[in-house]
Amino acid sequence: MNRTFRLVSATALAVALGAGVTATAVAAPTAAPAAPSAATSSVAAKPALTAKADVGSVGAWQNFHVTGKAIGIAVGTKVTLQQKQGSKWVSLPATVSVDKNSAYSMRVKLGIKGKNFLRIVGGGAVSPVFTVTVH
């Protein structure tokens, strides 16, 4: 009986140790840190602005609208229309805030005749250049 007891005890101990090693081996890969995925990454989107005019040409001092989206820019951030004058970008008195939908819309009047190169700036971003011809 003593021999049978030792054999059963040794077998139970081996099974328990084997199960423990298996559990450790299975648990080890899940304990390793996983690489961050795009969905869980805490890196903020790089600020960006889009911009477009609702017309391609307009008469001098006639109203038109400039609209766009603000990506990675906080609600309430001011965005400003700039016009290229010579080799410099000049801020015009056309400034609005980004709304809760991350969008903006502004009414604009231009008086400089010819092809006007325009862009929107704000929140650390600059939109692509767009044009409106004033006749």
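Residue numbers start at 1 and run along the sequence shown. These values consider heavy atoms only, across backbone and side chains, with no hydrogens, waters or symmetry-generated copies.
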With sequence neighbours left out, the residues meeting side chain to side chain donor-acceptor pair (under 3.5 Å) with Thr80 are Thr95
Sequence neighbours excluded, the answer for side chain to side chain donor-acceptor pair (under 3.5 Å) partners of Lys78 is Ser97
Distance col, row Leu118:CG vs Leu92:CG, nearest 0.5 angstrom, shows 7.0 Å
Residues at least two apart in sequence or cross-chain that pass side-chain contact (heavy atoms from CB on, under 4.5 Å) with Val75, listed by chain then number, are none
Contacts satisfying side-chain hydrogen bond (donor to acceptor under 3.5 Å, both in side chains) that involve residues 85-94 (not counting sequence neighbours) are Gln82-Ser91, Gln83-Gln85
By side-chain contact (heavy atoms from CB on, under 4.5 Å), Pro128 pairs with (sequence neighbours left out) none
Taken in chain and number order and not counting sequence neighbours, the residues that satisfy side-chain contact (heavy atoms from CB on, under 4.5 Å) with Thr77 are Ile73, Ala74, Val98
Scanning both residues in full, the closest heavy-atom pair of Ala125 with Leu49 reads O-CD1, 3.6 Å
Heavy-atom closest pair (Leu81 atom, Met106 atom, distance to 0.1 Å) is CB-SD, 3.8 Å
Listing, residues 54-72 side-chain donor-acceptor contacts under 3.5 Å, not counting sequence neighbours, or none:
| residue | atom | partner | partner atom | Å |
| --- | --- | --- | --- | --- |
| Asp54 | OD1 | His65 | N | 2.9 |
| Gln62 | OE1 | Gly59 | N | 2.9 |
| Lys69 | NZ | Asn101 | O | 3.1 |

For Gly123 and Pro47 the tightest heavy-atom approach is O-CB, 3.5 Å
Contacts satisfying side-chain hydrogen bond (donor to acceptor under 3.5 Å, both in side chains) that involve residues 120-135 (not counting sequence neighbours) are none
Cluster membership besides Val126, Ile/Leu/Val/Met/Phe/Trp/Tyr side chains within less than 4.5 angstrom, sorted by chain and number, is Val121
